[in-house]
Amino acid sequence: METAESLLEEIVDLKKKLTQKEAMLRKHLNQKYEETESGPEKLTNIEIDKYSRQIIMPEIGMKGQQTLKKSSVLIVGAGGLGCPSALYLTGAGIGRIGIVDYDKVKLNNLHRQLLHPETSAGQPKVFSAVESLNRLNSFVQIIPYDMKMDRSNALNTVRKYDVVIDATDNVATRYLLNDACVLTSRPLVSGSALKLEGQLSVYNYSNGPCYRCLFPVPPPPETVTNCGDGGVLGAVPGVIGVLQALETVKILLGHKGVLSKRLLLFDGSDCSFRNVCLRDRIPSCCVCGNQPSVTALVDYEHFCGAMANDKHTKIHLLDDTDRIQAEVYHGLCTQPHILIDVRSPLEFEICHLPKSLNVPLKDLVLEQVIQQLKESIAEKCSSDNDFPVFVVCRRGNDSQKGVLALRKALHGLRVSVRDIIGGLHSWAKDVDPSFPVY
Ligand SMILES: Nc1ncnc2c1ncn2[C@@H]1O[C@H](COP(=O)(O)OP(=O)(O)OP(=O)(O)O)[C@@H](O)[C@H]1O
């Protein structure tokens, strides 16, 4: 009888053989391609067959397909928007596609970042993307850039491509890519998606505005939300990412009707699309205007105050003495205390620590809530010592804000308010590995 181990070995062996066959097929295709190739944009018979359903469209034709083959696109971000963009641009036969990302594939990316299979979890996103895209179309050259796009590398990278797609999730990179595109005269196809809504526009194209013409000043950090905090339904960035690919193809082919000077708003809740007219390029714009003051890339994280908003960045509002490690809380949690979880009720429903009270951060200013808390403290407090109140959140940022709000609200009471460093993530890492992480 076959054991599970021998079956597994067989699967590994089959996989190896498949990979070898795939490599042989790829070589064969490329040989054919080289044999029939006589100019950089000349299409082989295989390519003609492959792209025939778009070649027969009058809007594309042989000439258009050859133009796509000669073209290059840089996709910054291999996440929710970058994956669908890359899929359709690779399918369309763009000659060269660069993909920039510095992150690794996480399990909670997989519901929407469909270039990455489960087996890629933990791998750099760009390599996982290249592997999937190579499988899709061996005629397209996919170039990975496993790096964070910043002021030191943006200009040199952007210069190598005809069009840039912003598929990232933070304001600092939006300004960086905008300025890099203006300084190198590249169109920027910019998208965003959150929850059930998405947006799309093309900047710096055909005398249209750049991102800075519309948003000269970055939004306050606390008003910006990303998918990790606000959530997103996978198909929504799918819609926007595919439209980014469509706009890119239209730009490369010089079509009319490119989404410049307009902003597309998509609302997945009622499946509505709205086009909003945007202002023209502003002659006084500091980067694309007639007398620009920004002539080189700057420090965008500083400019946007974005560090505090970056989901990977830990904020430091409290001294370490005002905070405790998850393990220390574990040792203390059998003693009388109150633990306040300041996340939203929806997040609280995903997971929470035993006996924690859910009071969302924004509610810590409500008189009724504070009154109830004071009553609970009075009920539980039986000694003269300061009564311990602990605050927890997902990663240990909001809990610090919670501590500050509570100290103000409970001023005059004998309480000691501290938070758990690293929040529930640290609890899962240091105390209970079976605790869910999201
Ligand atoms: N400056 C940058 N350089 C390179 N890649 C970037 C940069 N800024 C953001 N990205 C990448 O853009 C992608 C955006 O993807 P997405 O909006 O789906 O979010 P995510 O970070 O993958 O997931 P989540 O927000 O749910 O944790 C991410 O893979 C991120 O690493």
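These values consider heavy atoms only, across backbone and side chains, with no hydrogens, waters or symmetry-generated copies. Just follow the structure's listing: the first ligand is 1, and inside any ligand the first atom is 1. Just so we're clear, the structure is a prediction, and the values are computed from it rather than from any experiment.
Distances between N or O atoms of A78 and those of ligand 1 include no value under 3.5 Å. Considering both main-chain and side-chain atoms, N226 never comes within under 3.5 Å of ligand 1 through any nitrogen or oxygen pair. Checked against a 3.5 angstrom limit, the closest N/O atoms of M149 and ligand 1 fall inside it. Between G228 and ligand 1, a contact under 3.5 Å exists for at least one N or O pair. Ligand 1 has no N or O atom lying under 3.5 Å from any N or O atom of K148, backbone or side chain. Not a single N or O atom of N108, backbone or side chain, sits closer than 3.5 Å to an N or O atom of ligand 1. Geometrically, ligand 1 and T168 share no nitrogen or oxygen pair separated by less than 3.5 Å.
With a 4.0 Å heavy-atom cut-off, ligand 1 is reached by no atom of P237. By the criterion of a heavy-atom distance under 4.0 Å, the side chain of N109, and not its backbone, is placed next to ligand 1. At a heavy-atom distance under 4.0 Å, no atom of V232 approaches ligand 1.
Remark: R323 CZ to D319 CG distance equals 10.0 Å, nearest 0.5 Å.
Of the candidates D101, D146, T157, the one placing a heavy atom closest to atom 28 (C) of ligand 1 is D101. Nearest-residue assignment for atom 24 (P) of ligand 1 (options E301, R112, Q113; heavy-atom criterion): R112.
Shown in contact with M147 at under 4.0 Å from a heavy atom are these atoms of ligand 1, numbered in order with element: 4 (C). Listed by atom number, the atoms of ligand 1 under 4.0 Å from G80 heavy atoms are 15 (O), 16 (P), 18 (O). Which parts of ligand 1 touch G79 is read off a 4.0 Å heavy-atom cut-off, strictly below it: atoms 15 (O), 18 (O). Close approach of ligand 1 to N170 (heavy-atom distance below 4.0 Å) involves ligand atoms 8 (N), 9 (C). Taking a cut-off of under 4.0 Å to the non-hydrogen atoms of K106, the atoms of ligand 1 that pass are 27 (O).
Summarising the local packing, CG of L107 is surrounded by 12 or fewer heavy atoms from other residues, nucleotides or ligands at distances under 6.0 Å.
Judged by distance alone, the side chain of S399 and the main-chain N or O of V392 form no donor-acceptor pair under 3.5 Å. Within the 3.5 Å criterion, the main-chain N or O of A121 finds no donor-acceptor partner in the side chain of K106.
Between F266 and F273, a ring centre-to-centre spacing shorter than 6.0 Å is recorded.
The cationic atom of R96 (NZ for Lys, CZ for Arg) does not lie both less than 6.0 Å from the six-membered ring centre of F139 and within 45° of the ring axis.
Between the side chains of D179 and Y300, at least one donor N or O sits under 3.5 Å from an acceptor N or O.
Counting all heavy atoms, side chain and backbone alike, V236 lies closest to G198 at CG1-N, 4.2 Å.
In terms of the ring-ring contact (aromatic ring centres under 6.0 Å, His included) criterion, Y438 has no residue partners (sequence neighbours excluded).
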Please tabulate, for side-chain N and O atoms in residues 275-291, each donor-acceptor pair with protein atoms closer than 3.5 Å (sequence neighbours left out).
unit_1 : atom_1 : unit_2 : atom_2 : d
N275   : OD1    : R262   : NH1    : 3.4
R281   : NE     : N207   : OD1    : 3.2
R281   : NH1    : C288   : O      : 2.5

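Salt-bridge formation is not detected for the pair D398/R343: no Lys NZ or Arg NE/NH1/NH2 atom is positioned less than 4.0 Å from an Asp or Glu carboxylate oxygen.
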